[in-house]
Structures are given as C-alpha cells and as structure tokens.
Amino acid sequence: MTEPKPAEKPEPDDTAPVTPAPETAPERPAEEPADQERRPGFGSLFLRYVTTANTVMVTLYSFLLAMVIGAVLIIVSDPAVRGTFTYFFSRPTDALSASWTAVSDAYAGLFAGAIVNFTTLAEFQAGEATIGRLLSPISETLTYAAPLILAGLAVGLAFQAGLFNIGAQGQVIMGTVGAALIGFGLHLPAYLHLPLALLGGAIAGGLFGAIPGVLKAWSGAHEVITSIMLNYVALSALGWIITNEFVKDPDPNKQYAISKPADESSLLPRLAGMLGIDAPGLRANLGIIVAIAAAALVAWLLAKSTLGFRMRAVGLNAHASRTAGMSVPNTYITSMGGAGALAGLAGATLVLGISPHALTHGVAGEVGFDGITVALLGRAKPWGVVAAGLLFGALRAGANTMQSTLPLDMVTLLQALIVIFIAAPALVKAMLHLKVPAGGLATTTAKGW
Amino acid sequence: MTTIDVAESAESTALHGFWTRSRKVGTVLAVLGIAVFLIGLTMTAGAEASVRFNLTLPEAAAAFPAKPVVLTLGAVAVLLGALLLTGRVHLPFGLTVGVAVAAVVLALLIWAIARPGNTLQIDTVLKGTMLLALPLIFGSLSGVLCERSGIINVGIEGQFLAGAFTGALAGTVTGSPWVGILAATVAGALVTFVLAALAIRYVVDQVVLGVVLNLLVLGLTGFLFDRIMKDNESATNLAMRVPEWQIPILSDIPAIGPALFGQNVFVYLALVLVALVYVMLFHTRWGLRTRAVGEHPVAADTVGIKVNSLRFRNVLIAGLVSGLGGAFLTIGEALPFSENMTDGKGFIALAVLIVGRWNPIGGLLGALLFGFAMQIEQFLSSVPGGSPVPSEFLAMLPYLVTIVAVAGLIGRVRAPAADGKPYTKA
C-alpha cells in the first residue's frame with residue numbers, strides 16, 4: 001500500500017518477464033539470439049521469487065522470524081544461559097555456546113518429537129527399536145492435527161463469509177458433549193454408532209455455532225463479542241453437564257469430575273490397527289481422515305456449490321450480494337451453523353479419538369483458540385488449513401515430548417508470532433526488504449462494528 | 001408459556017410488521033414477569049427477607065415478608081410488558097424497560113435471600129459492584145480513547161494480561177506496589193504500541209490483529225510465568241496490596257459511602273479518569289481533533305491535523321489506561337498473577353464500550369451494570385444453605401448479560417464513522 005508497485009519504475013524491462021514469461025520468452029530468441037543473457041535463468045528467477053513478498057514466501061519468512069524471536073526468548077528466560085552473559089565480554093564463547101545449545105536443543109527436541117527421532121531411527125535400523133517407537137512422533141502429530149484442522153476449517157469457513165468466528169472453542173466444547181452423550185447413551189453396532197456419535201457432535205456444535213449468526217442476522221450484534229461470550233457459557237454448561245446424574249461417572253473413586261466413557265463401538269478406530277501394524281502405543285486414529293474429508297467437502301462447497309458461492313459473495317461484499325437478491329442474514333446463519341458443525345466435529349474427534357473418551361473440564365483443551373491461528377496461517381483456504389493444522393499439530397506433539405525443558409506455552413507463543421507476521425505481510429516485507437508481488441500483499445480481514 | 005408462543009407465531013405471520021421493537025421487548029418482559037410471579041407463588045407464605053447496612057449503619061436493619069413483595073414486583077413487570085405489547089399507552093420506552101428489568105432483578109434477589117439466616121448486605125454488595133466494575137471501567141476508557149480516534153481495540157484482554165503480569169512481577173521484585181502499577185501501565189502501552197504500529201504503519205486489519213495480539217500476550221505471559229515465576233513465587237509473584245483510603249465524612253454516607261469513598265487508589269483513579277477523559281474529549285481542542293480523526297479523517301487532514309500521529313498517540317495513552325486495569329487485577333485485588341487470569345474481562349469491557357455508546361460516562365454506567373450482575377452472581381453462589389440455582393448457571397450470568405446488552409443495543413448505537421478504517425493519504 002505504501003509503495004504502489006515500486007518495481008516497475010526503475011527498470012520496466014526487468015520486471016516484465018517475471019509473470020508473463022510464456023508470452024514473451026518464445027518470441028525473443030527467434031528474433032535476437034544475442035539476447036540470451038537477458039533472459040532470466042532459474043537462479044535469478046528463484047532469487048526474485050525468494051525476495052518477493054508473495055504468499056508462500058511470507059508464510060515461510062513468518063515461520064523463520066517467529067523461530068528467531070522464540071530463540072531469543074529461550075535464551076533470555078533460561079537462568080543458566082543468562083548467567084553466562086554476565087561475563088560476556090571476558091569470555092563471549094561461553095555465552096554463545098550456551099545460547100546455541102539451549103536453542104538448538106529446544107528446536108531439535110521439537111523436531112524429534114514431531115517428525116522423527118534420529119536416535120530411534122538408528123536403533124530401528126540396528127533392530128533394537130520397534131516400528132511403534134519409530135512412528136510414534138508422526139502418530140502424535142496426526143493425533144493433534146485432526147481436531148486442529150477441523151477447528152481451523154470452522155474459523156476459515158466463517159472467514160469466507162466475512163465473519164470472524166472466535167467462538168470455535170465453545171462450539172468444540174458443545175461438540176464433545178454431543179458426541180459423548182451419544183457415545184455412552186446409546187448402545188449400537190459400530191457401523192451405526194460411530195457415524196451417529198460424529199453426527200451428534202456436529203449437530204451440537206452447529207446449533208451452538210448458529211447462535212452468533214442468528215444474533216448478527218437479527219440484531220447486528222458483532223460475532224466477535226457474542227461468540228467469545230458463548231465460549232464462557234459453553235464452559236459453564238459443560239461443568240454443569242458433567243456433574244449431572246445421567247452423565248457423571250458412577251465410580252466414586254474418581255478424584256475429579258468425569259463423565260461415563262463412550263462405548264467401544266462409538267470410538268474412532270486407530271490407524272495402526274487398520275493398517276495391520278502391531279503397535280498399541282500409536283494413537284493416530286481415523287480422526288485425521290475425517291478432518292481431511294471435511295476439508296475436501298469444504299473445498300467443494302466453496303468452489304462448486306451455490307451455498308458456497310453465496311457465502312463468498314457475502315464475505316466479499318454484503319451490499320452487492322443483497323442487491324443481487326441474496327439473503328445476507330440467512331447466509332450469516334448458515335455460515336455460522338456450518339462453522340459450528342465443523343468445530344463440533346473437532347470436539348467429536350477429541351472425545352471419540354483420545355483417551356479417556358469421556359467429558360472432563362479440560363476435554364476441549366485450547367483446540368478452538370488454536371483453530372483461529374490455524375485458519376489465519378492457512379489463509380482461510382481449506383487445503384491451506386490442512387497444511388497449517390499439520391504444522392501446528394507437529395508443534396504441539398513436539399512440545400509435548402520436551403515439556404520437561406520448555407513450557408507448552410512456547411507453542412502458543414510461536415503460533416501467535418507466526419500468525420502476527422502472516423497478518424502483517426507489510427511488516428515482513430519491510431523487515432526483510434522484500435519486493436511487492438504483482439497482485440499486492442495478501443492478508444485476511446474481518447469487519448468492524 | 002406454550003400458549004403464549006402459539007399466539008405469538010400466529011400473530012406474527014398474520015400481521016407482518018406488527019413486531020416492533022417495543023412489542024418484542026414488551027413480550028419478553030411480560031414472560032419474565034409471569035415467571036417471577038410463578039416463582040413467587042411457590043414461596044412459603046411466612047418467608048422473610050432481611051436487609052442490612054453492615055458497614056455504615058450496623059444497627060439499621062429491615063425485614064419484610066418476601067412472598068407478597070415478589071408477587072407484586074412480578075405483577076409490575078407483567079403490567080409494564082403488557083402495556084408495551086398493546087402499544088395503546090405511550091410510555092417513555094427506556095424508563096419503562098428500566099423499571100420492569102429492575103423489578104425482575106429485585107424480585108429474584110429477594111426470592112434468593114428469603115430464607116432464614118440470609119441477609120442482603122446492601123453496602124457490601126455495592127462495594128463489590130464497584131470493585132468488579134473497575135477493570136471494565138478502565139477497559140472501556142481505553143476503548144473510548146482508541147475507537148474515538150478510529151482504531152478498533154479488540155486487544156484490551158491482552159493489555160489487561162500484560163499489565164497484570166508486569167504489575168505482579170515488578171511490584172514483587174521491587175517490593176513496592178506503586179512501582180508495579182507504573183510498570184503495568186508501561187506494559188499495557190507496549191502492547192498498544194504493537195497494535196498502533198501494525199494497524200497504522202503497516203495497515204493490518206484491526207480486528208484480526210487484536211485477537212492475535214491477545215493470543216500473543218496469552219502465550220508470552222504463560223511462557224514467562226512458567227520460566228520465571230512458577231518455581232520462585234516468593235521472589236517474583238506475591239500478592240501485592242495497596243492501602244484503602246477512607247475519605248473522612250464522605251465514606252460514612254449510608255450505602256454508597258464505602259463503595260465510592262472507602263476504596264483503594266484504583267477506584268479514585270478510575271472515577272477521576274472517567275471525568276477527565278469526558279471533559280478532554282468533549283471540551284478541549286485535543287478532544288475535538290480526536291473525534292474529527294475518528295469520524296472523518298480526510299476532513300481532519302484537510303484542516304491540517306496529522307491523522308496518523310494523533311491516532312498513534314491516543315492508542316498509546318489507551319494502553320496506559322488498560323495497563324492500569326491489568327494492574328488492578330493483581331495489585332488492586334491483592335492477588336498473585338495466574339495464567340489467563342483475565343477470564344474474558346477485556347471482551348466484556350469491549351461490550352461495555354458499545355453499551356456505553358463510545359462515551360466515558362456511558363461506559364462507567366455500563367460497567368456498573370455488569371459489575372452488579374457479577375456481584376449478584378457471587379452473592380447468590382455464596383448464599384448460606386446453597387443457591388437455588390446451580391452455580392454453573394450463575395457463572396454464565398455476566399456473559400449472558402453481555403450478549404443481551406450487545407444484541408439489544410447494537411442496532412441503535414453508532415460507532416465512530418471511521419472506526420477500524422486505516423487512513424492513508426491518497
């Protein structure tokens with residue numbers, strides 16, 4: 001915005017081949033073979049791509065910048081490392097090596113806990129470790145990613161309709177309740193029970209999610225305020241439901257409030273079992289497949305269906321949509337309802353996929369709030385959300401294995417930092433002196449009051 | 001109840017346009033009144049509700065029969081609702097709704113305390129209301145300063161958290177709550193510095209930015225709490241305390257004396273700030289410029305006002321105020337810092353800002369309303385002999401009040417015209 005297409009002014013000739021390359025490139029060599037060196041090679045094209053603030057590079061740089069800031073925080077908050085900085089000027093190597101060790105240990109631990117642990121890989125090749133231990137980081141990543149993707153889709157779908165759904169947390173909670181009630185309340189064969197329990201979660205989340213939509217449609221109340229208030233209402237409601245006679249676990253030995261567990265027949269089967277791998281420790285379950293299927297459905301909905309078209313139209317310009325004869329209030333309600341259903345599904349995968357398969361006060365964790373960062377990182381696009389969900393799932397899994405050295409909040413912090421940079425491409429551009437891409441800087445927006 | 005619902009839907013389909021705002025509100029009030037009346041009928045005839053002024057006039061106490069009072073109040077609500085519903089008599093809308101809502105609230109309160117051994121301690125309730133309203137007053141003032149100059153501040157929650165954390169840390173380390181308060185205001189301003197820089201210089205969407213800043217501060221304070229405070233609470237995270245200052249004579253006024261004039265410095269600061277911001281905003285050159293920048297930045301620019309630098313300055317000042325609100329949560333309440341201790345108060349403050357129509361005095365009144373709702377919740381959940389309503393439902397009360405207030409008012413209040421719209425010179 002501040003520099004409208006600065007690249008065009010100095011050398012108009014230089015910028016032309018970047019985007020419309022196919023049209024100009026074949027003509028030139030035929031006329032003037034001597035022009036060879038002016039044609040950009042792969043190296044310079046790559047360099048230009050890397051130094052432009054396009055979507056991919058902004059995402060990548062946001063990640064790197066967040067890692068750098070995270071590293072600074074690790075160093076500053078570690079008392080042992082801070083100690084070495086007190087005599088920095090007499091022996092700087094101490095401080096530098098201590099800092100390097102602290103940071104590289106932290107990030108290497110994250111990687112080992114999320115993707116693959118190279119020590120285990122070596123042991124596995126030597127025949128000392130089981131396949132279960134080798135695959136366990138990936139399995140954990142997929143386990144955490146499934147609800148994150150679904151919650152991210154919930155926020156992303158609402159974004160497409162111009163709504164900022166920060167009530168995903170409450171909708172996830174309601175989804176856990178819906179799924180758990182069907183999970184332990186009904187006794188059915190698995191092929192009926194599991195789909196019904198998932199559906200129960202989606203419906204409960206959807207109805208709860210529709211409330212901010214209805215309020216916005218009828219009274220104009222901003223969904224940011226109403227949906228965050230409903231998060232607290234949902235949390236209180238969960239507290240009341242758990243202590244209810246019908247729901248409460250009858251076992252008097254239980255130290256804390258917990259519901260009856262869902263029936264075996266309603267649980268999401270584990271991927272390891274379905275693939276025939278004998279590794280009871282691998283928690284990854286069908287939830288990740290449900291999440292990817294939901295992403296495909298949302299992608300189809302937005303790209304091909306009338307409803308999706310209406311959502312995007314209202315999101316881009318509500319006034320024009322009204323003029324074109326679309327019902328803006330109805331679109332608000334269906335978008336929020338659909339978003340709530342996705343978040344409810346996230347709740348269902350939490351209860352039906354992760355032990356103890358029952359409702360507790362913390363059953364939903366922070367999944368709904370993380371969904372906001374997932375959606376912003378994925379730029380509210382279904383497949384972007386899948387990628388972002390996998391990344392944040394990996395961060396979460398990695399952080400879980402290194403909890404002893406670094407607090408879990410490190411992940412929340414990294415997520416928030418990444419998303420701040422994503423939301424502010426102009427900042428990334430200015431910090432790294434990047435060029436403005438042809439279409440301008442891309443960012444996500446929400447409407448004010 | 002079911003018969004009313006049927007009648008409603010039949011009529012609304014037959015007569016489109018019949019459901020004006022006052023008819024809708026009237027229906028709701030009438031239904032509430034009927035509910036109160038039914039509750040009144042279930043009460044035992046001899047139940048008495050007793051009321052006392054325990055701080056100012058310990059010997060003054062009154063007890064009155066609860067059942068007839070509840071029934072009367074219910075009937076009043078039904079009557080007023082019915083009058084609004086018929087639309088025959090022209091009543092002042094705001095006053096009517098206010099009286100009816102007050103009747104319902106009072107009836108429920110009397111119903112809840114009308115059991116042996118329970119007493120409504122009026123001045124304790126009022127003092128608690130003031131304390132619970134305080135963070136909302138600071139938060140809504142911060143919102144007024146930002147949004148009157150055209151920047152939406154969804155990050156009040158984050159500024160509270162930053163202030164609460166820094167206040168506890170700096171206060172404990174230096175041993176002085178006053179240093180803590182000062183540090184908290186600076187921390188709040190640091191958060192709004194990021195808000196201002198990104199929103200004004202880098203034209204980031206302000207609602208998205210505010211939500212993400214909240215997450216950032218949540219992560220940051222959680223991280224630092226784990227790394228610095230958790231294992232060393234006594235050196236880094238003590239409950240600091242500022243003294244209560246009794247203002248002579250004024251603090252002895254029955255009922256409102258202790259609430260307004262027997263409190264700690266935060267209450268006086270809040271009241272002074274409300275008056276100050278009001279006068280500054282509507283009666284000084286700075287205020288006129290601020291409002292101009294928030295309503296019509298192009299016009300303001302034309303007459304030579306530096307739009308973005310004025311906005312930047314105001315957002316920083318707003319951060320000082322919301323940091324003070326954060327300091328109240330730890331130092332003012334004499335509590336140590338705990339993770340995510342703000343519990344959505346920043347968002348409630350945002351709702352208060354809207355209910356108070358972007359006006360400092362409106363914000364004060366709105367905050368007191370919310371403070372009262374929270375105080376009633378706390379009072380009812382601590383009633384000896386157990387509350388007649390499950391505590392989880394009571395805990396929902398402030399949040400539900402927020403939703404109702406925002407949904408009921410938003411169509412009739414108007415934000416500053418350029419609120420949330422970045423200004424770039426053409």
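Between atom CG of residue B:Leu218 and atom CG of residue A:Asp409 there is a gap of 7.0 Å, rounded to the nearest 0.5 Å. From B:Ile403, atom CD1 reaches atom CE of A:Met229 across 7.5 Å, with rounding to the nearest 0.5 Å. Note that the CZ atom of A:Phe421 and the CG atom of B:Leu198 stand 9.0 Å from one another [nearest 0.5 Å]. Distance CG/B:Asn340 to CZ/A:Phe369: 7.5 Å, rounded to 0.5 Å. Within the model, atoms CG of B:Leu216 and CG of A:Leu414 stand 10.5 Å from one another, a figure rounded to the nearest 0.5 Å.
Among B:Leu400, B:Thr221, B:Asp343, the residue with the largest count of heavy-atom pairs under 4.5 Å with chain A is B:Asp343. Top candidate by heavy-atom pairs under 4.5 Å with chain B, chosen from A:Val233, A:Val76, A:Leu235, A:Leu230, is A:Val233. Ranked by heavy-atom pairs shorter than 4.5 Å toward chain B, the options A:Asp78, A:Ile372, A:Leu215 are led by A:Asp78. For the set A:Thr412, A:Leu376, A:Thr243, A:Leu413, the count of heavy-atom pairs under 4.5 angstrom toward chain B peaks at A:Leu413. When each of B:Met396, B:Gln206, B:Glu339 is scored by its heavy-atom pairs under 4.5 Å with chain A, the top score falls to B:Met396.
With a threshold of 4.5 angstrom between heavy atoms, A:Leu73 approaches chain B through its backbone and through its side chain. When heavy atoms are compared at a cutoff of 4.5 Å, B:Phe393 approaches chain A solely by way of its side chain, counted from C-beta outward. For B:Ile348, the parts lying near chain A are the backbone and the side chain together; criterion is any non-hydrogen pair under 4.5 Å. Looking at A:Asn231, there are no atoms closer than 4.5 Å to chain B (heavy atoms on both sides), in backbone or side chain. Of the two parts of A:Ala430, only the side chain, counted from C-beta on, holds a non-hydrogen atom closer than 4.5 Å to a non-hydrogen atom of chain B. For A:Ile69, no part lies near chain B; criterion is any non-hydrogen pair under 4.5 Å. For A:Ile420, the parts lying under 4.5 angstrom from a heavy atom of chain B are both the backbone and the side chain.
Using a 4.5 Å cut-off on side-chain heavy atoms (C-beta onward), A:Ile74 and B:Arg227 make contact.
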Inset, instruction - Take A:Ile422 and B:Val212 through the test side-chain contact (heavy atoms from CB on, under 4.5 Å) and record every step on the way to the result. - result: CA-CA 11 Å; A:Ile422 296 271; B:Val212 176; over 6 Å; no
Inset, instruction - Apply side-chain contact (heavy atoms from CB on, under 4.5 Å) to the pair B:Glu392 and A:Leu238, showing each step before the final yes or no. - result: CA-CA 9 Å; B:Glu392 287 89 356; A:Leu238 175 70; over 6 Å; no
Inset, instruction - Kindly determine whether B:Val207 and A:Val224 satisfy side-chain contact (heavy atoms from CB on, under 4.5 Å), including the steps that lead there. - result: CA-CA 9 Å; B:Val207 177; A:Val224 165; 3.9 Å; yes
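In terms of modelled atom types and a separation under 3.5 Å, the side chain of B:Arg201 and the main chain of A:Leu427 share no donor-acceptor contact.
When all heavy atoms of B:Ala407 and A:Ser219 are compared, the pair lying nearest together is O-CB, 3.1 Å. The heavy-atom pair separating A:Ala423 from B:Val204 by the smallest distance is O-CG1, 3.4 Å.
The environment of A:Phe85 atom CZ is dense: over 12 non-hydrogen atoms of other residues, nucleotides or ligands sit within 6.0 angstrom.
Paired with B:Val211 under the rule side chain to side chain contact (heavy atoms under 4.5 Å, CB included), one option of A:Ile228, A:Thr373, A:Ile166 passes, and it is A:Ile166.
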